Amino acid sequence: MYPGLLSRLVGRGLVRAAGRRCRGCSARLLAEPTGGAGPGVEVPPPPPCRVAPRSRDPGLLPLLAALAWFSRPAAAQEEEEEEEDQERQSEGGDAADAAEAEIIQLLKRAKLSIMKDEPEEAELILHDALRLAYQSDNKKAITYTYDLMANLAFIRGQLENAEQLFKATMSYLLGGGMKQEDNAIIEISLKLASIYAAQNRQEFALAGYEFCISTLEEKIEREKELAEDIMSVEEKANTHLLLGMCLDSCARYLLFSKQPSQAQRMYEKALQISQEIQGERHPQTIVLMSDLATTLDAQGHFDEAYIYMQRASDLAREINHPELHMVLSNLAAILTHRERYTQAEEIYQEALKQAELKRDEVSIQHIQEELADLARKSRLLT
């Protein structure tokens, strides 16, 4: 058996397993009143069958703020996995080792299928991995496979299935001795909170976000004076980034729920964390800057919103941000609210060109509608 390998696979961060896709709670908080499965309840493996086609539930889209915070270049991940393979091969080879090696290869294939947007293929591979993990009684592999399955269901909008799988993952982690304040538990709790938000289960969603944020804030306060030989700078930074991720996700939910002043406070904290840890030019920092500006704009603070959005658009242009067209569209909207129609039209036209380059049909349609509305406003003024 090679416990070190799967320990690191799990410990690197369960959220990252699903790949990059921008846009729970603890066992104590999420006990279902209807008797749903929760941590501490062993959930059997799901049947090896295909699930329904991917959902495009629009209610989920404003709520998913997690994955961009922990995205890593594919090359770096591949290099790390190659090192792990070398370690595995050098440590021996009994039957349990061979089973674990096969599971790891299946998990890699599943993650690749997810990255290639082949969810049905990924699901079939994961069921194979789960069966093999149960046959070899490899609890770490069972846990990690459940987590990948949960993330896959989550990004496909299959919320009920994702909820049960995340709870199964949490059950195994807690049953293995992991503490509720561990980052892996917080990440799953955040996903559960986002699921409840998308299902309009407000009480559970808010309790989940509160648990994640308060637990991390207390954890950071306790650990800030720890020496580097006890807790590395990278570990501390990851916990801060996880807090930023939770604040970001909660802010999106609050804004979606028409609570912009509360969302503003969350975004301000998340932005500060991202600037301090990742820098002002990091893509996630720019997105947060844009989101904060949008929140200020929703409250009628147009001048302050413009300052943040102008800075976000300048930075987005500098780094050729993948969502430059969205940032520019937000800037144009704020300019419209400030009644700077000529400037707004220029920015919308720039945003439209960028959206066409990205072949983002949804954004293209939205920007064209905004330009038409802007033209009507301009005609009324002449």
Side-chain angles (χ1 to χ4, degrees), residues 3-22 24-30 38-39 64-72 76-77 80 111 139-140 143-148 150-151 154 162 165-195 207-250 266 269-270 272-274 276-278 282 284:
L5 179 53
L6 276 169
S7 294
R8 284 199 304 281
L9 282 173
V10 174
R12 278 207 299 264
L14 300 175
V15 167
R16 279 173 279 184
R20 185 188 183 281
R21 179 67 179 170
C22 287
C25 274
S26 70
R28 182 175 67 252
L29 291 175
L30 294 185
L64 309 186
L67 296 176
W69 285 81
F70 287 94
S71 61
R72 297 191 303 163
Q77 182 170 339
E80 185 173 329
K111 292 196 314 189
K139 291 183 171 53
K140 287 188 174 67
T143 303
Y144 190 64
T145 307
Y146 268 135
D147 183 70
L148 274 175
N151 274 297
F154 184 64
L165 288 165
F166 276 129
K167 286 180 176 180
T169 306
M170 187 181 287
S171 176
Y172 275 100
L173 290 173
L174 293 172
M178 186 173 285
K179 296 180 180 179
Q180 287 193 7
E181 66 175 24
D182 190 280
N183 285 2
I185 298 295
I186 301 297
E187 289 175 6
I188 296 173
S189 298
L190 176 60
K191 288 294 188 68
L192 285 169
S194 295
I195 288 171
Y209 288 129
E210 171 60 26
F211 165 77
C212 294
I213 293 168
S214 62
T215 300
L216 286 170
E217 287 177 337
E218 292 170 5
K219 182 178 179 180
I220 288 169
E221 184 64 27
R222 286 196 311 272
E223 295 176 348
K224 67 180 181 180
E225 302 299 334
L226 292 179
E228 190 171 344
D229 59 341
I230 298 175
M231 176 167 288
S232 69
V233 173
E234 182 182 2
E235 287 177 302
K236 291 181 180 179
N238 283 339
T239 300
H240 277 83
L241 287 173
L242 180 54
L243 174 59
M245 182 168 65
C246 294
L247 290 164
D248 182 10
S249 187
C250 184
M266 298 285 183
K269 292 179 181 178
Q272 182 180 358
I273 290 170
S274 190
E276 290 176 354
I277 306 257
Q278 304 185 121
H282 190 278
Q284 187 65 21

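All values below come from the heavy atoms of this structure, side chains included, with hydrogens, waters and symmetry mates left out. None of these values were measured; they are calculated from a predicted model.
- Nearest approach of Met266 to Leu247, heavy atoms of both residues: SD-CD2, 3.4 Å.
- For the atom pair SG (Cys250) and NZ (Lys269), the distance works out to 10.0 Å, reported to the nearest 0.5 Å.
- Note that CD1 of Ile186 is 4.5 Å distant from OG1 of Thr215, once rounded to the nearest 0.5 Å.
- Residues Leu216 and Asn183 have side chains in contact (heavy-atom distance under 4.5 Å, counting atoms from C-beta outward).
- The backbone N or O of Met245 lies less than 3.5 Å from no partner atom in the side chain of Ser249, so there is not a single donor-acceptor pair.
- From Lys191, atom NZ reaches atom OG1 of Thr169 across 10.0 Å, with rounding to the nearest 0.5 Å.
- Using a 4.5 Å heavy-atom threshold, the side chains of Thr143 and Asp147 count as separate.
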- request: Quick one: do Glu228 and Ser232 satisfy side-chain hydrogen bond (donor to acceptor under 3.5 Å, both in side chains)? Show the steps, please.
  value: CA-CA 5 Å; Glu228 190 171 344; Ser232 69; over 6 Å; no
task: Go through Lys179 and Ile185 one step at a time and tell me if the side chain to side chain contact (heavy atoms under 4.5 Å, CB included) criterion holds.
output: CA-CA 8 Å; Lys179 296 180 180 179; Ile185 298 295; over 6 Å; no
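- Counting heavy atoms from C-beta on, the side chains of Tyr209 and Leu190 come closer than 4.5 Å.
- Put simply, CG on Leu165 and CG on Asn151 are 10.0 Å apart, with the number rounded to the nearest 0.5 Å.
- In this structure, the side chains of Gln180 and Phe211 come closer than 4.5 Å at one or more pairs of heavy atoms.
- Minimum heavy-atom separation, Cys212 to Ser189: SG-CB, 3.6 Å.
- Remark: the backbone N or O of Lys167 is not paired with any side-chain donor or acceptor of Ser171 at under 3.5 angstrom.
- Taken from NZ in Lys219 to NZ in Lys236, the straight-line distance is 12.5 Å, to the nearest 0.5 Å.
- Looking at Glu217 and Leu243, their side chains come closer than 4.5 Å, going by heavy atoms from C-beta outward.
- Interatomic distance, Gln272 CD to Ile277 CD1, rounded to the nearest 0.5 Å: 10.0 Å.
- No side-chain heavy atom of Thr239 sits under 4.5 Å from any side-chain heavy atom of Met231.
- In this structure, the side chains of Met170 and Leu174 come closer than 4.5 Å at one or more pairs of heavy atoms.
- For Gln284 and Asp248, the side-chain atoms include at least one donor-acceptor pair closer than 3.5 Å.
- Ion pairing of Arg222 with Glu181 is present here, as a side-chain N (NZ or NE/NH1/NH2) and a carboxylate O approach within less than 4.0 Å.
- Tyr146 has its side chain out of reach of Phe166: every pair of non-hydrogen atoms, C-beta onward, lies at least 4.5 Å apart.
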